[in-house]
Structure formats: structure tokens, C-alpha cells
Amino acid sequence: MSNSKLSLAERREALIVQCSMQRRDAAREIGALMTPLTHPTGGIGKLLGGGGGMKLPLGIVGTVAGLVMARSGKILPMLTVGLSLIKAARSVMGLVRKKRS
């Protein structure tokens, strides 16, 4: 049945169901992302100490940045700024690594 033939109450109920399904799916995805942080061999120590533990924060930042870029329509300037930030972060991480060793 098309949306134009549904009553307002029926459309509202359909949207409520759709939102609850999206919340459930989002909770499942977040749980999967949080598992490496709560695993006994991983955890926050690994996250802060390096060893490839930056995948989760970088993934979250990348997802948020992608959503912002998709909504704004100003992708090219944001990519330029993003690449500049990546270069700066790499140089800082290089200095931190040198200082550790």
C-alpha cells in the first residue's frame, strides 16, 4: 500500500517501528565496534599505547567526517583540510615514536 493511502496514525506507527529497528541495528554495530576495547587482551591500554589500536577511533572519526562532508556539499575543501591534518598527525606521531625509543 502506498504512503498516500495510509492514515496519519498508520504512517506514524510505521515510522516508530522503522526507528526502533534502526536503533537496534545501530546498537548491534556499536557493540561490534566496542568489543575490541573491552576484550581482555586489548582494552584502553592497547588503544592508547599504539599497536594498531587506533583503528576504532579513526573509524569513528572517518564515519563522522564522511557524514558531515556528504551533507555539506563542500567535499573538496574538507578533503584538503583532512589531508593537511593527516600530514600533521603523521609528523607528530613520528616525533612521539622517536621520543619513546
Side-chain angles (χ1 to χ4, degrees):
M1 190 181 292
S2 70
N3 281 343
S4 62
K5 294 184 180 183
L6 293 176
S7 71
L8 184 59
E10 291 169 329
R11 286 189 290 180
R12 181 178 185 274
E13 186 62 33
L15 286 173
I16 289 172
V17 169
Q18 182 182 6
C19 288
S20 67
M21 290 172 53
Q22 288 174 346
R23 281 189 203 103
R24 183 199 63 213
D25 293 343
R28 186 177 301 139
E29 292 295 323
I30 289 171
L33 288 172
M34 295 303 287
T35 300
L37 292 177
T38 57
H39 195 270
T41 60
I44 297 296
K46 183 176 180 183
L47 176 72
L48 297 176
M54 291 300 289
K55 288 182 182 178
L56 177 65
L58 290 177
I60 292 171
V61 168
T63 302
V64 170
L67 290 171
V68 168
M69 287 189 298
R71 287 199 165 253
S72 71
K74 298 178 182 179
I75 293 176
L76 189 58
M78 286 189 177
L79 284 176
T80 305
V81 170
L83 288 174
S84 298
L85 290 174
I86 289 172
K87 284 183 181 180
R90 283 185 179 171
S91 64
V92 169
M93 290 303 293
L95 293 173
V96 169
R97 285 187 188 121
K98 285 181 184 178
K99 192 171 185 175
R100 278 188 180 178
S101 57

Asker: If you measure from CD on Q22 to CG on L15, what distance do you get to the nearest 0.5 Å?
Answerer: 9.5 Å
Asker: Nearest 0.5 angstrom please: R23 CZ to Q18 CD, how far?
Answerer: 11.0 Å
Asker: Decide whether I60 and I30 are clustered together by the hydrophobic rule: side chain heavy atoms of Ile, Leu, Val, Met, Phe, Trp, Tyr closer than 4.5 Å, transitively.
Answerer: yes
Asker: Closest approach of S20 and V17, non-hydrogen atoms and distance?
Answerer: OG-O, 2.7 Å
Asker: Above 12 or not: heavy atoms from other molecules or residues under 6.0 Å from CZ of R90?
Answerer: no
Asker: Looking at every non-hydrogen atom in both residues, tell me the closest pair between A88 and S91 and how far apart they are.
Answerer: O-OG, 2.8 Å
